[in-house]
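One structure is given below, encoded as structure tokens.
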Amino acid sequence: MRVSAALQRAFFARDSVKVAPELLGCMVTANGVTVRLTEVEAYREDDPASHSFRGETARTAVMFGPPGFLYVYFTYGMHFCANLVCGPDGSGAAVLLRAGEVVAGVEAARERRGAKVPDRDLARGPARLAQAMGWDREDDGRDMVGAVMQGTGAAAVAAGPRTGITKAADTNWRFWIPGDRFVSPYKRHPKAPPASAD
DNA sequence: AAAGTGATCTGCT
DNA sequence: GCAGATCACTTTA
């Protein structure tokens, strides 16, 4: 089952913090691989941890564009990560695709990730997921409406602090399917201030 | 715990 | 323009 392009665009046009948990359990297909999302994080313009926080730049242009497009960025000199752009056109919000279960195209995914990578690790981690999907800088700005399908959904959703960031390290905008094996381990950034104790 | 890697951003000139 | 810091990560210890 799939909804119309207009309805799906409207789905992404909402607040990324609302959209993120609803993406869990959804299927995303690209380049011969389909993943079921198990872990995502929300970012938006009023968020110090977001690339969009300091305004639009050449890199973040897609993030400030219309919703439903893919924002791909390159980091740490070797990794790509992928987001689904959210919010209305002109707002800098997106949902980072952090992990998923490869449910179709395992062979294609393993070809990109490496022959001896176990199924569990094919897309468990944002850069791993992007590599499994065959995404790189050329996919920045690609229209994802039609590539995202509602799956069986998530039986439950957990929320907690986002992984690997130094700013806004206690904002609970990471969402995952509790108990799912295809969720990456939480790692606080070594330079982030100690966790708040509430 | 820290290296590896390079684009990007900031804050100077 | 240019230097220095930073970085939504992965891998190997």
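Chain letters run A, B, ... following the sequence lines, proteins first and then strands; every chain starts at 1.
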Please tabulate the protein-to-nucleotide N/O contacts below 3.5 Å involving nucleotides 5-12 of chain C, giving atom names and distances.
| from | atom 1 | to | atom 2 | distance (Å) |
| --- | --- | --- | --- | --- |
| C:dC7 | OP1 | A:Thr166 | OG1 | 3.3 |
| C:dA8 | OP1 | A:His51 | NE2 | 2.9 |
| C:dA8 | O4' | A:Tyr43 | OH | 3.4 |
| C:dA8 | N7 | A:Ala49 | O | 3.3 |
| C:dA8 | N7 | A:His51 | NE2 | 3.3 |
| C:dA8 | N6 | A:His51 | N | 3.4 |
| C:dA8 | N1 | A:Asn83 | OD1 | 2.6 |
| C:dA8 | N3 | A:Tyr73 | OH | 3.2 |
| C:dC9 | OP1 | A:Arg98 | NH1 | 3.3 |
| C:dC9 | OP2 | A:Gly164 | O | 3.4 |
| C:dC9 | O2 | A:His79 | NE2 | 3.0 |
| C:dT10 | OP1 | A:Pro126 | N | 3.4 |
| C:dT10 | OP1 | A:Ala127 | N | 2.9 |
| C:dT10 | OP1 | A:Arg128 | N | 3.1 |
| C:dT10 | O4' | A:His79 | NE2 | 3.1 |
| C:dT11 | OP2 | A:Arg128 | NE | 3.1 |
| C:dT11 | OP2 | A:Arg128 | NH2 | 2.5 |

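Classification of A:Asp47 and A:Arg44 as a salt-bridged pair fails, no side-chain N sitting under 4.0 Å from a carboxylate O. The existence of a salt bridge linking A:Asp140 and A:Arg137 is excluded, since no basic side-chain nitrogen approaches an acidic carboxylate oxygen closer than 4.0 Å. The pair A:Asp170-A:Arg188 meets the salt-bridge criterion, with a side-chain N (NZ, NE, NH1 or NH2) lying under 4.0 Å from an Asp/Glu carboxylate O. A salt bridge does not link A:Arg124 with A:Asp180: none of the charged nitrogens is closer than 4.0 Å to a carboxylate oxygen.
With a 6.0 Å cutoff to the six-membered ring centre and a 45° limit on the axis angle, A:Arg14 counts as a cation-pi contact of A:Phe11.
A:Leu70 has its side chain out of reach of A:Val85: every pair of non-hydrogen atoms, C-beta onward, lies at least 4.5 Å apart.
Relative orientation of the A:Phe74 and A:Phe80 rings is tilted, given thresholds of 30° and 60° on the angle between their planes.
A:Arg112 and A:Gln131 share no side-chain donor-acceptor pair at under 3.5 Å.
Paired regions of DNA chain C, where each region holds three or more successive Watson-Crick or G-U pairs whose two hydrogen-bonding distances fall under 3.5 Å, are B:1-4 with C:9-12, B:6-12 with C:1-7.
Straight-line distance from the CZ atom of A:Arg137 to the P atom of B:dG6: 11 Å, rounded to whole Å.
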